[in-house]
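The analysis underlying the following values was restricted to heavy atoms, covering all of them including side chains, and did not include hydrogens, waters or symmetry mates.
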Amino acid sequence: MKKLIFLWAFILASCSSGKLAKVNGVSFVSSGEEASQQHIDPVLKVSANYAAIMPFGFIRDMGSPELVFNSDHQWYGERREGVKQYIEKLHINGVSVMVKPQIWIFRGEFTGNMKMPSEEYWKKLEASYEEYILLYAKLAEETQSDIFCIGTELKTFVNERPEFWNNLIQKVKNVYHGELTYAANWDEYAKTPFWSQLDYIGVNAYFPLCEKENPTIQTLSEGWQPWKTKLRELTQQEGKPILFTEFGYRSMDFTGKKPWLVDRNQMDVNLKAQANATQVIFDEFWHEDWFAGGFVWKWFMQHDQVGGHEDNRFTPQNKPAESVIRKQYAQVRKSSR
């Protein structure tokens, strides 16, 4: 009953005063420089009301417990001082923020498979990760950031060390009093054990939709239906809204086949496929009461220097998909902070 009450409270809040409290977000990529107004203006132009700020921590390999973060060797925007400056600049411009610490393993190995070889190494990783998360949870509180994400795509870590995660959530709640989520991978979220302790079911929404080289709106929409059913069932079961902590598509052929691919392949650029897939995710989810919104992956500060018609990567910048996003986000007024 409490779960249903929570979900209904979210739905009623979304509809009060004619406002739709959707997160219309971008994943704001860190840089080596301070964020200036020229970096924020494109975010405003696309009508985003949220940005995810991502201070990365780095690990040497899949079995290493040494997490490097807030280091002088990192870019300005990946350190505490830069994260704070980015948040403050976005807030001045009326953009809400999700602070989303993420781990990067050397050569881009998948964090969900990270597993320590011994109890000693697990303990070292836990101590380092707790320090990392609490550093940025305290910063999120200091800057009055709206959402804090306790982790991103850490399936094995979560499954192997449940007691650590339960304790970590309580420690985060002691220092941060905003809303909490966790960014579960698309093949992980259904078994993530601690949704009841958080405010949003966070999903990195790289669901496989179809194997077509040039997917149509209809094909992509049909591909979403089984996944959408499962997401709806989980939100009813847990009594928490779904938040796409990441969503997006490569501007390339077969974009709906394995949307999680980050390799630098030579697949032909397909701008229409990216635009179609982006439109479909809006059509399928943004009108649903149990859906909180999401963050486009990904958005670079140097807007005029990225993306474009010869780029087959994720960013929608300077591509038809950017226009799709702008049109959708412009439909929804920013909710009160």
Side-chain angles (χ1 to χ4, degrees), residues 3 6-7 10 23 25 27 50-57 59 67 69 83 96-105 110-115 122 125-126 128-141 145-207 227 230-231 234-235 237-248 260 290-295 297:
K3 293 176 181 178
F6 185 100
L7 187 58
F10 171 79
V23 172
S27 299
Y50 263 86
I53 300 299
M54 301 163 290
F56 274 85
I59 286 181
L67 179 61
F69 59 93
V83 173
S96 299
V97 170
M98 175 173 72
V99 180
K100 182 169 170 270
Q102 294 186 221
I103 291 177
W104 177 263
I105 301 175
F110 179 48
T111 53
N113 295 332
M114 181 177 65
K115 184 174 182 177
W122 273 121
L125 175 64
E126 289 173 349
S128 185
Y129 190 79
E130 180 180 305
E131 183 182 356
Y132 171 52
I133 290 299
L134 292 181
L135 171 72
Y136 288 109
K138 291 173 184 176
L139 179 62
E141 177 72 12
S145 294
D146 302 79
I147 304 173
F148 184 75
C149 183
I150 64 171
T152 299
E153 296 180 352
L154 295 171
K155 180 180 180 179
T156 302
F157 191 178
V158 168
N159 290 341
E160 295 275 340
R161 313 296 288 186
E163 184 178 354
F164 166 77
W165 285 91
N166 289 332
N167 291 335
L168 178 65
I169 290 168
Q170 294 309 309
K171 290 177 180 179
V172 169
K173 288 182 176 181
N174 288 337
V175 300
Y176 173 72
H177 301 95
E179 294 179 315
L180 295 177
T181 191
Y182 165 76
N185 196 37
W186 68 274
D187 62 351
E188 169 193 3
Y189 77 94
K191 296 182 179 180
T192 301
F194 43 66
W195 293 132
S196 64
Q197 301 179 61
L198 306 181
D199 298 290
Y200 298 102
I201 298 171
V203 182
N204 286 358
Y206 303 114
F207 296 89
W227 301 118
K230 292 178 180 178
L231 288 164
L234 182 62
T235 195
Q237 173 187 320
E238 295 289 343
K240 303 294 174 76
I242 301 289
L243 175 67
F244 283 170
T245 37
E246 293 177 21
F247 74 93
W260 59 87
W290 47 266
F291 180 74
F295 295 84
W297 188 264

Closest non-hydrogen atoms of Ile133 and Ile150, given as atom of the first, atom of the second and distance, are CD1-O, 3.4 Å
So OG of Ser196 and CD1 of Ile169: to nearest 0.5 Å the spacing works out to 8.0 Å
### Message
Using side-chain heavy atoms (C-beta onward) and a distance below 4.5 Å, is Ile103 in contact with Tyr129?
### Response
yes
Validation row: Leu134, Lys171 side chains within 4.5 angstrom (heavy atoms):
yes
dist Glu130:CD -> Phe164:CZ (nearest 0.5 Å) comes out at 5.5 Å
Check your understanding: Aromatic rings Phe157 and Trp122: how do their planes relate, parallel, tilted or perpendicular, breaks at 30° and 60°?
Key -> tilted
Original post:
For Ser145, does its backbone N or O pair with a side-chain atom of Tyr176 as donor and acceptor, under 3.5 Å?
Top reply: yes
Is there a donor-acceptor pair under 3.5 Å between the side chain of Thr156 and the backbone N or O of Lys115? no
Heavy-atom closest pair (Gln102 atom, Lys100 atom, distance to 0.1 Å) is OE1-NZ, 2.5 Å
Shortest non-hydrogen pair, Gln170 vs Gln197, comes out as NE2-OE1, 3.4 Å
When rounded to the nearest 0.5 Å, the distance separating CH2 of Trp195 from CD1 of Ile242 is 8.0 Å
dist Phe207:CZ -> Tyr189:OH (nearest 0.5 Å) comes out at 4.5 Å
### Task
Answer yes if the side chains of Asn204 and Thr245 hold a donor-acceptor pair under 3.5 Å, and no otherwise.
yes
message = Leu231 vs Trp290, test: side-chain contact (heavy atoms from CB on, under 4.5 Å). Steps then yes/no.
response = CA-CA 9 Å; Leu231 288 164; Trp290 47 266; 4.2 Å; yes
Residue set satisfying ring-ring contact (aromatic ring centres under 6.0 Å, His included) with Phe194, at least two apart, ordered chain then number -> Trp165, Tyr182
Scanning both residues in full, the closest heavy-atom pair of Val99 with Ala140 reads CG2-CB, 4.0 Å
In this structure, CD1 of Ile201 is separated from CD of Glu238 (nearest 0.5 Å) by 5.5 Å
Checklist line | Tyr136-Phe69 aromatic ring centre distance below 6.0 Å | finding: no
In this structure, OG1 of Thr181 is separated from CZ of Phe244 (nearest 0.5 Å) by 12.0 Å
Practice problem: Examine distances only and state if a side-chain atom of Tyr132 and a backbone atom of Leu67 form a donor-acceptor pair shorter than 3.5 Å. | Solution: no
Here the pair of heavy atoms bringing Leu125 nearest to Ile59 is CD1-CD1, 4.0 Å
Fill in: Within-4.5 Å side-chain heavy-atom neighbours: Thr111 and Glu153
yes
Exceeds 12 heavy-atom contacts within 6.0 angstrom, atom NZ of Lys173
yes
Those residues at least two apart in sequence (or on a different chain) that pass side chain to side chain donor-acceptor pair (under 3.5 Å) with Tyr206 are Glu246
Here the pair of heavy atoms bringing Asp146 nearest to Ser96 is OD1-CB, 3.3 Å
